[in-house]
Protein chains: 2
Amino acid sequence: MSTAAVADTRPYHHGDLRRALVDAAIRILEREGPSALSLRAVAREAGVSPAAPYHHFKDKGELLEAVAHVGWEALGDGMSAVQDGVTELSSLMTEIGVAYVRFSQDHPALYRVMYDTARDKDSLPEGMQDKEDGAYCLVRNTFRDAAGPDVPAVDIELATIAAWCAAHGLAEMSGFAQFNPLKEAFGGDAGFLRAVLSHLGMFQSKRGDPT
Amino acid sequence: MSTAAVADTRPYHHGDLRRALVDAAIRILEREGPSALSLRAVAREAGVSPAAPYHHFKDKGELLEAVAHVGWEALGDGMSAVQDGVTELSSLMTEIGVAYVRFSQDHPALYRVMYDTARDKDSLPEGMQDKEDGAYCLVRNTFRDAAGPDVPAVDIELATIAAWCAAHGLAEMSGFAQFNPLKEAFGGDAGFLRAVLSHLGMFQSKRGDPT
DNA sequence: GTCCGATCTGGACAGTGCTTAGATACAAAC
DNA sequence: GTTTGTATCTAAGCACTGTCCAGATCGGAC
């Protein structure tokens, strides 16, 4: 009945429980999916009582926000990683889009949490638009650098938002059964993604002409 | 008094409880949002015991599928309603897209349930692609009619999927705070939607040229 | 060393999805 | 018109959830 055995591995005051809880949540997400992500399961995974998380997060939603934040950072890293190898704008934007969709395919549960919290707040994470290192800014800056100084800022913004909508839409649906025939026609998943993103003209930096 | 007439109003104990449950669920969705949509709340709203729904739906997911089905039909109606007034292809596809996003704005909770169940099954509702009266088919047929016989079917399919991705992405994010400045710049919500959809070239019926 | 505030636990409450056993009401057979 | 059968519905209960509370425990300031 001694506490020694427990205290051996886990001291009463966890060093950085907040971080440990976020890590545990992501581990559960990757292992069992979003439906298994309960606060109690996270506490269990971290080896702590069900009430412990409430000393670090106001409620479950705040934990999910922290999880989503980690996800957005990882997504931004994945997107900026493709920048180095590509120089041409059209290829660059398409490859950034592919990296975006790939992330959603590699971490579907995390991606779902990211957008669930975004939908609840009706906003992408604050700071993504203003800060210079966010994933959203990466896209906008790429458009801005390529467009030159004579293109109005509003058109840059339009292109960014349109590209983001296209990438998100494709990310959410690229796994749908309806796409399978077309994937084969375009030589697999990668070819399919590039075909859709190219078709949507992600690389356009100006507003479409009225036809 | 024939049984057919009785079946019209209330054929069994409570009446058409299956239908009543779906209606109750939609009522709760519109009134209190997706987080309030529990099976027990639906049963309460319909005035039956918590276990009653299980005689009409295998589980909560099956109820949500039925709810989503109603939503898809309403969305299809909204999209096909704009067909009559517009003749030019580019305008037509844009207006169909606007109708799509408008539906998601008018029924955000229902739209969320529709895609939650779709994500769980990794598929848009079965039949939407094959049947001739589904919303998905409406878009594809519009592309096909406009493209003419010399355009390969695979390109029609690509255009349809790309347009669907764009519309869904925009539908999910059009309420995000990031869009507000741009909405003003484009003269309100409607102008903003048309600008994004036009920019994404929803009306293109051919695969983009390799640049 | 004593005290304080931050951290964590155990227990509890209302609510959830779902199951089971039994009650009820209608349809058809006699 | 009674009986039988079956679909429908209820009541009770299980394991689980998010959240709160009183109290135990610990690290650091005095």
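What's counted below: heavy atoms across the whole structure, side chains too, no hydrogens, waters or symmetry copies. Each chain gets a letter, A, B and so on, in the order its sequence line appears, and its residues count up from 1.
- Listed nucleotides C:dT9, D:dT10, D:dT19 differ in distance to B:Val48; the shortest reach to its side chain belongs to D:dT10.
- For the pair A:Ile28 CD1 and D:dT17 C1', the interatomic distance rounds to 14 Å; values are reported in whole Å.
- Contact between the side-chain N/O atoms of A:Ser49 and the OP1/OP2 oxygens of C:dG10 is not found at any separation under 4.0 Å.
- Closest to the side chain of B:Ala51, out of C:dG17, C:dT9, D:dT10, is D:dT10.
- For D:dA7, neither phosphate oxygen OP1 nor OP2 lies less than 4.0 angstrom from any side-chain nitrogen or oxygen of B:His56.
- Closest to the A:Leu39 side chain, of the nucleotides C:dC8, D:dT19, D:dT8, is D:dT19.
- Between C:dT16 and B:Arg44, a contact under 4.0 Å exists linking OP1 or OP2 to a side-chain N or O.
- If you check the side chains of B:Ser174 and B:Gln105, you find a donor sitting under 3.5 Å from an acceptor.
- Of the inter-residue distances, the one linking B:Phe143 atom CZ with B:Ile96 atom CD1 reads 8.5 Å to the nearest 0.5 angstrom.
- Nucleotide C:dT7 holds its P atom 12 Å from the CG atom of A:Leu21, rounded to whole Å.
- Summarising the geometry, the separation between CZ on A:Phe57 and P on C:dT7 is reported as 12 Å, rounded to the nearest angstrom.
- Look at NZ on A:Lys60: it is 8 Å from C1' on D:dT17, rounded to the nearest Å.
- B:Asp59 places its CG atom 14 Å from the P atom of C:dT20, with the value rounded to the nearest Å.
- Counting heavy-atom neighbours within 6.0 Å of B:His69 NE2, excluding the residue itself, gives a total of 12 or less.
- In terms of polar N and O atoms assigned as donor or acceptor, the side chain of B:Arg40 comes within less than 3.5 Å of the base of C:dG17 in a complementary pairing.
- In this structure, B:Trp164 has its ring center no closer than 6.0 Å to that of A:Phe176.
- Out of C:dT9, D:dT19, D:dC9, the shortest distance to the side chain of A:His55 is found at C:dT9.
- For the pair B:Asp16 CG and D:dC9 C1', the computed distance is 15 Å after rounding to whole Å.
- Between D:dT19, C:dT9, C:dC18, one nucleotide has an atom nearer to the side chain of B:Tyr54 than all others, and that is C:dC18.
- Taking the six-membered ring for Trp and the full ring otherwise, B:His168 and B:Tyr100 have centroids separated by 6.0 Å or more.
- Rounded to whole Å, the distance from CG on A:Leu17 to C1' on C:dA6 is 13 Å.
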